[in-house]
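This structure is a prediction, so every number in the text was calculated from the model and none was measured. The chain is numbered in sequence order, starting from 1.
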Amino acid sequence: MTDVISPVTEEVVATVPAASTEDTDAAIARAHKAFPAWKAVSPGDRARLLRSFASIVDDHIEELAQLEVRNSGHTIGNARWEAGNVRDVLAYYSAAPERLLGHQIPVPGGMDVTFHEPLGVVGIIVPWNFPMPIAGWGFAPALAAGNTVVLKPAELTPLTAIRLGELALEAGIPEGVFTVVPGKGSVVGERFVTHSLVRKVCFTGSTDVGKRIMAGCADQVKRLTLELGGKSANIVFADADLEKAAAAAPGAAFDNAGQDCCARSRILVQRPVYDRFLGLLEASVTAFRCADPARPDAEMGPLISAGQRASVASYVDGADVAFRGGAPAGRGFWFPPTVLLAKSADDRHWREEIFGPVVSVLPFDDEDEAVRLANDTEYGLSGSIWTSDLGRAIRVSRGVETGNLSVNSNSSVRYWTPFGGVKQSGLGRELGPDAVAAFTEVKNVFFSSE
């Protein structure tokens, strides 16, 4: 059994069974047994079941959101959005079964066609920072393609995933088609990698763990999607709307207490406006509301654990702190929004993923230097460019090595568009119109006419 600790109160909010290797094998066996019947469900009926699942999630938005506040310390506003995102992603991919089209390819001597065949059992390993949406980004397209899914939530944040598993059954998703197996990564997650009946693994988490999973999957040439770490740049040019950029920067860095792979945790500011931007940023950071996440006006809650708080603090100790926001005192894993001044691009807090509410600021001189500094990292997940020059926006967006960029905005994820990283930020893409194809094999069939 595993105690689930609230990061807000530091109290036990639930006790959850931790699956053994034998439990995991049994869940995988049930998913494998359920696969042929689920694959054979007609596209229209599979679509209706996914719409039913979306509808039931919609009926339980508030319940799921309140559960996430207690378990993860997410603000209530964020948690409602996250539950709604599961609903929306299910609804979006409910259209996929009836539109999973192959091709008819012109060939001599006959006819050639392709089919998208489901893989089988898909193992999805979900992190603790966004338990609901990241789960949905995996299981919705996987189910739509005709696969069965075994999902492992993070040990720290299993409660909403368990509830989603129950809601799937209420929606009519057959037994064994979508199974939630809470437990340790070294047990459940490892078995997803080593079990021959699991045909694909989806993992979101740290780059180090992702590398180990990738190495393990290589033994069986197992399909894999990885969404890993990030150290995204927020590039502010002198011709940008500085007030807008500075007002948006705290949310881009401190949302979910900075526990976000897409966090714009490196702010690059063109030197002529560096001092002015810092003044605007200070006003935005000190006004950023770190508070009890159950409050409707809270913009940031606590960190997930005492260990995470200690890790974040290690980056701030001895660094040049420009200014900080406020945070509650007393129980809870609180850490104030913090802005550090980078002396150079070699500073540890500039180079390493902190995964907390800490942002580093560094000046640059020209466009070429901005691109060079933005790319001077092993990561490439997201980022932002602030400028009023369209030509510059195009040049810089093509020059920055990352999977997702926004111009005059800090958005990273829309379920209509592909999401994923380059370099050590990951492998493959989630979301968007092509995500379902990533859960299929393309089968080519030639019909001779001779």
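- A donor-acceptor contact under 3.5 angstrom links the side chains of His349 and Ser360, judged on distance only.
- Between the side chain of Lys222 and the main chain of His195, a donor-acceptor pair closer than 3.5 Å is present.
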Item to check | Stepwise salt bridge (charged side-chain N to carboxylate O under 4.0 Å, His left out) test for Glu62 and Arg80 | outcome: CA-CA 7 Å; Glu62 189 63 23; Arg80 287 172 180 147; 2.9 Å; yes

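- Side-chain atoms of Asp255 never come within 3.5 Å of backbone atoms of Ala263 as a donor-acceptor pair (strictly under, hydrogens ignored).
- In this structure, Glu10 contributes its side chain and Gly332 its backbone to a donor-acceptor pair below 3.5 Å.
- Across all non-hydrogen atoms, the minimal contact from Val150 to Ile28 is CG2-CA, 4.3 Å.
- Ring centroids of Trp137 and Tyr415 are separated by 6.0 Å or more, keeping the two rings apart.
- Taking each heavy atom of Ala161 and Pro153 in turn, the nearest pair found is CB-CB, 3.7 Å.
- Using a 3.5 Å distance cut-off with no hydrogens or angles, the side chains of Arg414 and Thr417 do not pair a donor with an acceptor.
- A side-chain N or O of Trp386 and one of Asn234 form a donor-acceptor pair less than 3.5 Å apart.
- A donor and an acceptor atom, one from each side chain of Ser55 and Asp58, are nowhere located under 3.5 Å apart.
- Counted by atom type alone, Thr338 and Arg324 present one or more donor-acceptor pairs between their side chains at under 3.5 Å.
- Side-chain polar atoms of Arg264 and Ser406 form a donor-acceptor pair below 3.5 angstrom.
- By the 30° and 60° cut-offs, the orientation of the rings of Phe178 relative to Phe53 is tilted.
- Salt-bridge annotation for Glu155 and Lys184: absent, with no side-chain N of the basic residue lying under 4.0 Å from a carboxylate O of the acidic one.
- Side-chain contact check for Glu190 and Ser186: no donor-acceptor pair (N or O, by modelled atom type) lies under 3.5 Å.
- Annotation: Arg309, atom CZ; neighbour count of heavy atoms from other residues, nucleotides and ligands within 6.0 Å is above 12.
- A donor-acceptor contact under 3.5 angstrom links the side chains of Thr225 and Lys200, judged on distance only.
- Taking the charged nitrogens against the carboxylate oxygens, Lys423 and Glu401 do have a contact shorter than 4.0 Å, which makes a salt bridge.
- More than 12 heavy atoms of other residues, nucleotides or ligands lie within 6.0 Å of CD in Gln220, so this atom counts as buried by the packing criterion.
- Between Cys261 and Leu228, the shortest heavy-atom distance links the atoms SG-O, 3.2 Å.
- Residues that satisfy the ring pair (Phe, Tyr, Trp, His ring centres under 6.0 Å) test with Tyr93, not counting sequence neighbours, are absent from this structure.
- Here Ile385 contributes atom CD1 and Leu405 contributes atom CG; the two are 5.0 Å apart, rounded to the nearest 0.5 Å.
- Under a 3.5 Å cut-off, the side chain of Arg51 and the backbone N or O of Ala91 do not form any donor-acceptor pair.
- Asp112 and Asn444 are linked by a side-chain donor-acceptor pair at a separation below 3.5 angstrom, with hydrogens and angles left out of the test.
- Formation of a donor-acceptor pair under 3.5 Å by the Asn71 side chain with backbone atoms of Leu156 is found in this model.
- The existence of a salt bridge linking Glu378 and Lys231 is excluded, since no basic side-chain nitrogen approaches an acidic carboxylate oxygen closer than 4.0 Å.
- Taking the charged nitrogens against the carboxylate oxygens, Arg48 and Asp45 do have a contact shorter than 4.0 Å, which makes a salt bridge.
- Heavy atoms of other residues, nucleotides or ligands lying less than 6.0 angstrom from CZ of Arg331 number more than 12.
- Smallest separation of non-hydrogen atoms from Cys290 and Pro328: O-CD, 3.4 Å.
- Closest heavy-atom contact between Phe439 and Val122: CE2-CG1, 3.9 Å.
- Between the side chain of Gln259 and the backbone N or O of Asn256 there is at least one donor-acceptor pair closer than 3.5 Å.
- With hydrogens and angles ignored, the 3.5 Å screen pairs no side-chain donor or acceptor of Asn404 with any backbone N or O of Gly383.
- When only modelled atom types and interatomic distance are considered, Glu68 and Thr160 share a side-chain donor-acceptor pair under 3.5 Å.
- Checked by atom type and distance alone, the side chain of Ser232 pairs as donor or acceptor with a backbone atom of Ser382 at under 3.5 Å.
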Checklist entry - Run the side-chain contact (heavy atoms from CB on, under 4.5 Å) check on Thr15 and Thr2 step by step: do they pass? => result CA-CA 5 Å; Thr15 302; Thr2 300; over 6 Å; no

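- Contact check on Glu117 versus Lys39 returns a salt bridge, with a Lys/Arg side-chain nitrogen under 4.0 Å from an Asp/Glu carboxylate oxygen.
- At distances below 3.5 Å, at least one donor-acceptor pair connects side-chain atoms of Thr114 with backbone N or O atoms of His103.
- Without hydrogens or angle criteria, Glu299 side chain to Arg289 main chain gives a donor-acceptor distance under 3.5 Å.
- Taking the charged nitrogens against the carboxylate oxygens, Arg429 and Asp434 have no contact shorter than 4.0 Å, which rules out a salt bridge.
- The two atoms that bring Leu119 and Thr440 nearest to each other are CD2-C, 3.7 Å, heavy atoms only.
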